[in-house]
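Note on naming: letters A, B, ... go to the chains in the order of the sequence lines (proteins, then strands), and numbering restarts at 1 for each one. Quantities reported herein were computed from a predicted structural model and do not represent experimental measurements.
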Amino acid sequence: MAGGAGAAPMRNHGMDALRLTFERQLKEALPGVEITLERPKSGELGDLAFPCFRAAKQLGKNPVQLSQELAAAIRVEGATLVAAGPYLNLKLAPETRAQAVLGAILAAPSGRPYGARPAQGKKVIVEYSSPNIAKLFTIGHLRSTMIGHALAQTHRFLGYDVVRLNHLGDWGTQFGTLLAAYTRWAEAENPELQRDFDWAEPAPEKRRTPLFRLFQLYVRFHAEEEQDPAMRDEARAWFKRLEDNDPKARALWKRFRDLSLAEFQRIYDRLGVGFDTLEQGEAFYEDRLAATLKRLEDAGLLVEGDKGARIVNLEDVGIATPCLVQKADGTSIYATRDLAAALYRQEAYAFDRCLYVVGTDQVLHFQQIFAVLDKLDPWFKGRMVHTPFGMVKLPEGKMSTRKGNVIFLEDVLDEARERVAAIIEEKNPELKDRAGVAEMLGMGAVVFFDAMNDRVKPITFTWDRVIALDGDTGPYVQYAHARIMSVLRKAGGDWAAKAQAGRADGPFLPFAGSKVPADLAGLEAPEAQGLLFELAGFPGSVGAVVDGCMATPLARQLVGLARSFSGFYTNCPILAPENPPEVREARLALCVATARVLRQGLFLMGIQAPEEM
RNA sequence: GGUCCCGUAGCUCAGCGGAUAGAGCGACCGCCUCCUAAGCGGUAGGUCGUGGGUUCAAUUCCCGCCGGGACCA
């Protein structure tokens, strides 16, 4: 039995049921007209809106007049119909709204977590993060990693079967560079990379690691290569040795890869990000390259380009630049590996969609890859999606690992943590788990910032922007959650427990079902109603994340929710002694529902919600 | 030179066919004897780059131009 024992007329109806009733009524009143409902801009207008423009045109009527006629003709139990200009708005009675929203969140009458959907029977691959071996994580890598994580989580939340892949850059000409640099400057006197190089600036204290020294070798090689072009051939030769399975090259490759993976894993753990496998990086496809080229050849797509390079022409599909699949020296290129990867995934996963969370600088690359795949097998048409994101730049220009002018991700996370710690010291020095909370909020700030700005536009990195802690930020949302938890603790009983979840398996926070209070009259205040309206927007925002392949709608929704809660919190006392018990209980239930949605929403984005801060 | 992306408040950005264009930061003015002021309320600030077109309706779609960026050669 869901929905509590109250006498509210719609007690077993969630928002979905109300929507269906409204739609049915509209269909009856307007036979032959396609009905599409919208969510009004604000809860004061109503809960559902029917824009009358199209229907009015079809019927040769004035939309304002039609909306008035419909308002008079249609009845939905527990709601009033308001003609607002050309819109027909369905506005729930305060108690009905409270019952519908709280029922869906607390009691989950459908048996599913609020906002989640049943299994779709569709498989989605999300390829994200994909760092290059022997390079350190920069702030730039955060975008792919966290956007991908949020996409994987929300897709699972909405019932898709998700495969999370990391196309590690563990192959390619940059390995030639690394191998050449290592044999030149490290092999003899510093083979284990245990000491700082005397020719390099000493590594910063917290980065005295072999991986950082590998990175230094890489940077030095590129610097010197500018003066001495012959070095480029040296690097190329090393990569050729690697591709030809030279034992020494292979052994070093494996060492560098292991070194990097250990470092990456540490960062993924810190970010709370995971993959279904880390074994399908670029190198994984190495022995499938020949077959891929053969397949292109058999399909008659392979053409001889300049100086013996091999290309696929794409002019006939509107792409002027041919796709280069093999260089003149016979070595492979990353396009070949992406093609091999797609063919492998077709076979291994039979996916419905494959999302590539890769920067905008790769748009042409993916256009080419997808076009080649379409030619090879029409099966691929429409399944391949590049989700590009804007590059992170510095005020002085592009970041470049080669040139060494980069912002390392860990420096940003550390700085964020320290700034938060300073604020805790000032505002709440008695806080229990100060270090843990500082980390949680610092991460929240950085990750949330990225989601708020998720767009194709490039981001210019400045410390104060990325680690902002007031206003529309992660910590603002986290603060709302902490305040709720504080109220719930003070309320006693098992109130706090109702907003807490056990360990999450996958994207779902396992909240226990809980009853909706019978009397919800304590939620009639406009601030409480506004908060309910925001809560009702959560499922739509998660859907928008999947539709638009970006976390932005969810992040914005959570800010709106937190803001709405603040309004409720300042205007509607929850624990005031003069509150009648039923008012107190109704408001506490609203707090629990809000905490759950905030916590679940943040969790989908890879951010934790603090109990106090 | 070609292709693609972006021009919305002083700054950073939402909105992307429809209801008076929204936030945050910064500025200014208020609010802690009361559930965490990392908060809340208010004021100021916009010819949505520009010129055309499509539409009952354009910040939103199409074309040209100007400005910024990316990729390819």
Side-chain angles (χ1 to χ4, degrees), chain A residues 38 40-42 44-46 49 51-54 56-57 60-64 67 82-89 306 314 318-324 359-368 388-391 393 397-398 419-420 422-424 426-428 430-431 437 441 444-445 449 452-460 462 464-466 468-491 527 548 552-553 555-557 559-560 562-563 565-579 584 587-588 591 610-613:
Chain A
E38 288 176 6
K41 288 191 189 309
S42 113
E44 278 167 44
L45 292 165
C52 299
F53 305 100
R54 197 157 307 174
K57 191 172 186 183
K61 286 189 181 178
N62 177 324
V64 177
S67 129
V82 186
Y87 287 86
L88 177 67
N89 292 327
D306 287 346
L314 298 169
I319 302 171
T321 318
C323 182
L324 179 64
T360 53
D361 53 347
Q362 302 292 320
V363 292
L364 177 62
H365 168 73
F366 283 109
Q367 277 172 6
Q368 293 174 321
F389 55 85
M391 307 271 92
K393 296 196 280 194
K398 213 173 159 179
R419 290 190 189 193
V420 172
I423 293 174
I424 291 174
E426 176 198 325
K427 309 208 176 204
N428 195 0
E430 303 301 308
L431 185 65
V437 172
L441 297 186
F449 167 81
M452 284 293 276
N453 286 282
D454 186 300
R455 250 199 127 196
V456 202
K457 293 181 198 172
I459 290 181
T460 303
T462 62
D464 288 343
R465 265 188 83 198
V466 174
L469 302 170
D470 329 290
D472 289 356
T473 63
Y476 176 80
V477 178
Q478 291 170 311
Y479 181 60
H481 182 269
R483 276 168 133 187
I484 295 174
M485 295 314 292
S486 172
V487 171
L488 294 178
R489 279 192 301 274
K490 290 202 166 126
E527 292 83 4
T552 310
R556 300 256 162 198
Q557 180 67 35
V559 168
R563 195 186 316 288
F565 173 75
S566 288
F568 168 69
Y569 179 87
T570 38
N571 291 295
C572 304
I574 300 154
L575 301 176
E578 62 271 23
N579 274 352
R584 174 188 150 102
R587 291 184 178 173
L588 282 168
C591 284
E611 298 292 313
E612 43 183 326
M613 64 188 262

- A/Tyr569 ring centre to A/Arg483 NZ or CZ under 6.0 Å, with the angle to the axis within 45°? yes

Rounded to whole Å, CG of A/Asp464 lies from P of B/G24 at a distance of 19 Å

Hey, does the side chain of [X] come within less than 4.0 Å of [N]'s phosphate (OP1/OP2), counting only N and O?
X        : N     : result
A/Arg563 : B/G24 : yes
A/Lys427 : B/A38 : yes
A/Ser486 : B/U36 : yes
A/Lys41  : B/A23 : no
A/Arg483 : B/A37 : yes
A/Tyr476 : B/C40 : yes
A/Arg556 : B/C13 : no
A/Lys57  : B/G18 : no

Using the side-chain heavy atoms of [X], tell me which of these nucleotides is nearest: [options].
X        : options             : answer
A/Val456 : B/C5, B/C35, B/A37  : B/C5
A/Ser566 : B/C40, B/C5, B/G7   : B/C40
A/Lys490 : B/U36, B/A23, B/A70 : B/U36
A/Asn453 : B/C13, B/A19, B/U36 : B/C13
A/Leu575 : B/C35, B/U8, B/U12  : B/C35
A/Arg455 : B/C6, B/C35, B/C40  : B/C6
A/Glu612 : B/U36, B/C13, B/A38 : B/U36
A/Ile423 : B/G7, B/C35, B/A38  : B/A38

Would you classify A/Ala576 as touching base, sugar-phosphate or nothing, given that sugar-phosphate means primed atoms plus P, OP1 and OP2, and contacts are heavy atoms under 4.0 Å? nothing

Item to complete: With heavy atoms under 4.0 Å as the rule, sort A/Lys398 into base, sugar-phosphate or nothing.
Response: sugar-phosphate

CD (A/Glu612) and CG (A/Asn428) are apart, to the nearest 0.5 Å, by 7.0 Å

Value for CD (A/Gln478) from CG (A/Leu441), rounded to nearest 0.5 Å, stands at 4.5 Å

Base orientation of B/C62, chi within 90° of 0 counted as syn, else anti, reads anti

Heavy-atom closest pair (A/Leu314 atom, A/Thr321 atom, distance to 0.1 Å) is CD1-O, 4.2 Å

Encoded 5' to 3' (Watson-Crick or G-U under 3.5 Å; [ ] crossing; | other strand), RNA chain B becomes (((((((..((((....[...)))).(((((.......))))).....(((((..]....)))))))))))).

With rounding to the closest Å, how many angstrom separate the [atom1] atoms on [N] and [M]?
N     : M     : atom1 : value
B/C61 : B/G17 : C1'   : 7 Å
B/C34 : B/G24 : C1'   : 29 Å
B/G18 : B/U59 : P     : 10 Å

Between A/Asp361 and A/Tyr569, the residue closer to the 5' end of RNA chain B by nearest nucleotide is A/Tyr569

Walking RNA chain B from its 5' end, the first of A/Pro458 and A/Ala562 to be reached, judged by nearest nucleotide, is A/Pro458

Worksheet entry | Base of B/A19 paired with side chain of A/Asn89 (donor-acceptor, under 3.5 Å) | yes

